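In what follows, a structure is listed as structure tokens, so that the remarks can point back to it.
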Amino acid sequence: MKTCFKCGTEKSLSEFYKHPQMKDGLLGKCKKCTRADAEQRRLLKTQTDAGWVDKEKHRQRKKNKAMNHEHPLVATARRAVRALGRSKDFHWHHWSYNKNHHTDVIQLSPMEHRKAHRFLVYDQEHFQYRRCDTMELLDTRERHEAFIRNMIETQED
Ligand SMILES: [Zn+2]
Ligand SMILES: [Zn+2]
């Protein structure tokens with residue numbers, strides 16, 4: 001447990017971002033406060049720095065364009081799941097980016113999701129993932145889900 005210097009709340013260590021320069025390797029304020037501060041800074045910037053706003057808009061547009069160009073299916077698939085609803089508590093994970101599978105998604109907690117992707121390699125030709133160890137193509141939802149659930153359960157963080 002560690003106490004956040006900002007909100008004064010005692011929280012578990014997983015509630016703090018890593019920070020190598022700090023004595024205990026963690027930031028002094030909790031994730032919630034860190035995010036709130038970042039949002040605050042953003043807001044201030046948007047109100048006071050017109051140049052920054054323009055640059056930021058441009059950067060976002062460029063990023064979206066690049067993504068659409070490289071992975072048109074990924075962009076469409078992301079748009080498709082938006083209709084399923086969004087939450088901070090879970091993510092929709094695509095086992096396949098093929099058109100028929102755009103909303104055939106697997107619900108994972110953000111932590112599980114991050115972990116799952118550590119063991120997956122995207123195959124640009126099949127629009128599906130391979131196991132990072134055997135490079136086997138996970139070409140059915142069953143195979144894909146069994147693999148990631150197993151990794152999530154058995155692998156260390
Ligand atoms: Zn805090
Ligand atoms: Zn995913």
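For the single chain, residues carry numbers from 1 onward in sequence order. Order of listing sets the numbers, starting from 1, for every ligand and every atom in it. Keep in mind that what you see is a predicted model, and the values were worked out from it rather than measured. The figures here come from the full heavy-atom set of this structure, side chains too, leaving out hydrogens, waters and symmetry mates.
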Under a single-linkage definition using a 4.5 Å side-chain heavy-atom cutoff for Ile, Leu, Val, Met, Phe, Trp and Tyr, are Met111 and Leu108 assigned to the same hydrophobic cluster?
-> no
Taking the Zn ion (ligand 1) as the vertex, how big is the angle to SG in Cys30 and SG in Cys4, rounded to 10°?
-> 110°
Return yes if some donor-acceptor pair links the side-chain N/O of His102 with the main-chain N/O of Val81 below 3.5 Å, else return no.
-> no
Is it true that a side-chain atom of Trp92 and a backbone atom of Gly85 form a donor plus acceptor pair closer than 3.5 Å?
-> yes
If you have a sec, read the angle at the Zn ion (ligand 1) from Cys7 atom SG over to Cys33 atom SG, to 10 degrees.
-> 110°
Charged tip of Lys31 within 45° of Tyr17 ring normal and under 6.0 Å = yes
Do the non-hydrogen side-chain atoms of Asp133 and Phe147 ever get within less than 4.5 Å of each other?
-> yes
Under 2.8 Å from the Zn ion (ligand 2), which protein atoms of type N, O or S occur, listed by chain and number?
-> His93 ND1, His113 NE2, His117 NE2
Could Glu56 and Lys45 be called an ion pair, given the rule that one side-chain N must be under 4.0 Å from one carboxylate O?
-> no
Looking at His113 versus Phe90, is the centre-to-centre ring distance below 6.0 Å?
-> no
